[in-house]
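As the structure is a computational prediction, the values presented were derived from the model and not from experiment. All ligand and atom numbering here is 1-based and tracks the order in the structure.
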Amino acid sequence: MRTMIAVHDQPALRALARRQRVAVSELRTAEKRLYKHRLPVAEVLEALPEGTREAWMGEVDWQPLVLAQRRDSQLDGASKLAFRTTDGATIESVMLRFHTGRSSVCLSTQVGCAADCAFCATGRLGLRRNLTAGEIVDQVLQVARLFRTEGRVLRNLVFMGMGEPLHNEEALHEAVEALRDPERFNFADRFIVVSTVGVPAAMVRFARRFPGVNLALSLHSAREEVRRWLVPTTRRHSLADLRAALVEVAGLHGGRTVMIEYLLFDGLTDTEADLVALGEFVAGIPVHLNLIPFNPVAGTESLGLRSTPQARREAFGAALKRAGLKVTLRRSLGADIDGACGQLAQREGAERRS
Ligand code: SF4
């Protein structure tokens, strides 16, 4: 089977334009329609000479993902999208609308995930494959188009959907490069967040290449044995290694705060011992702690995972603030649409199997 050119692959598109005698100005107009105006593919193609459009349809993979399902939250401004890949896998993206008018998308980087986090539905799927950079970029394009129809502009990109982004490092770097490119998407570095469970060497490589882009560490516990149980993939390195990487990342960020995501589980990550361990882990590193309530996932009841009640979440946050840390108590969006990562894909998969 002939490999198609990914739409964000500029050198390959330029070469195709040369072969088909499409003027650079015509290609630029097409790219402007695609990236800046976020128009549908048919309207993008109209920028190209009539005689070449069919060939470009056949040669370029304009839209590798098909929107298979959409669920809109009745509680808040979240919409969960399930996309079908050309090999029949399902991945998901979440559109987030905030009352401030800000629009954001949570992106997937893998089909399934090998990290196997105890609290996550995607972890149960295992890893099927990495997404290509084209599939990552297409989530952004399709979501940006949907926001456009609502009169909204997509501003924030969060790599926090299915998969561990730093386990798919090459495609992640390629996609982030395209998304930051002023000639194409032009997303500002400060509005991009890559969330990781913590792959120390890859975190440092990412921060070296993209020092302005935010990294968020999903720590969830600063106690070694608890973290290894919650996030089994982290057994490969110690919390000390992770902390050393975090120090290096903060240095590469020029002292900008590094975000730390921390899920509060009743009796497991919200105890006095957790407060002490967390305080020691972040001591001297410029971090911003996001405390997140756990959205229960089917199958986690038997593991005894429960969300920390709100009053204790607030007390935990207050204790950290008293210790001089920057803390935000987050709320979980999209609870009624299986907002935690991987849940919609799992359900959609179940429906297709049945
Ligand atoms: S929480 Fe993220 S890293 Fe962990 S299994 Fe789920 S998708 Fe993978």
Return yes when atom [atom1] of [X] has more than 12 non-hydrogen atoms of other residues, nucleotides or ligands closer than 6.0 Å, and no otherwise.
X	atom1	result
Arg19	CZ	yes
Arg209	CZ	yes
Arg236	CZ	no
Glu183	CD	no

Near [X], which atoms of ligand 1 are under 4.0 Å from a heavy atom of that residue?
X	result
Gly123	5 (S)
Val197	3 (S)
Gly163	7 (S)
Asp116	5 (S)
Ala115	3 (S), 4 (Fe), 8 (Fe)

Residue Cys113, metal atom 6 (Fe) of ligand 1, N/O/S under 2.8 Å: no
Is it the case that the side chain of Tyr262 and the backbone of Leu278 share a donor-acceptor pair, with hydrogens and angles ignored and the cut-off at 3.5 Å? no
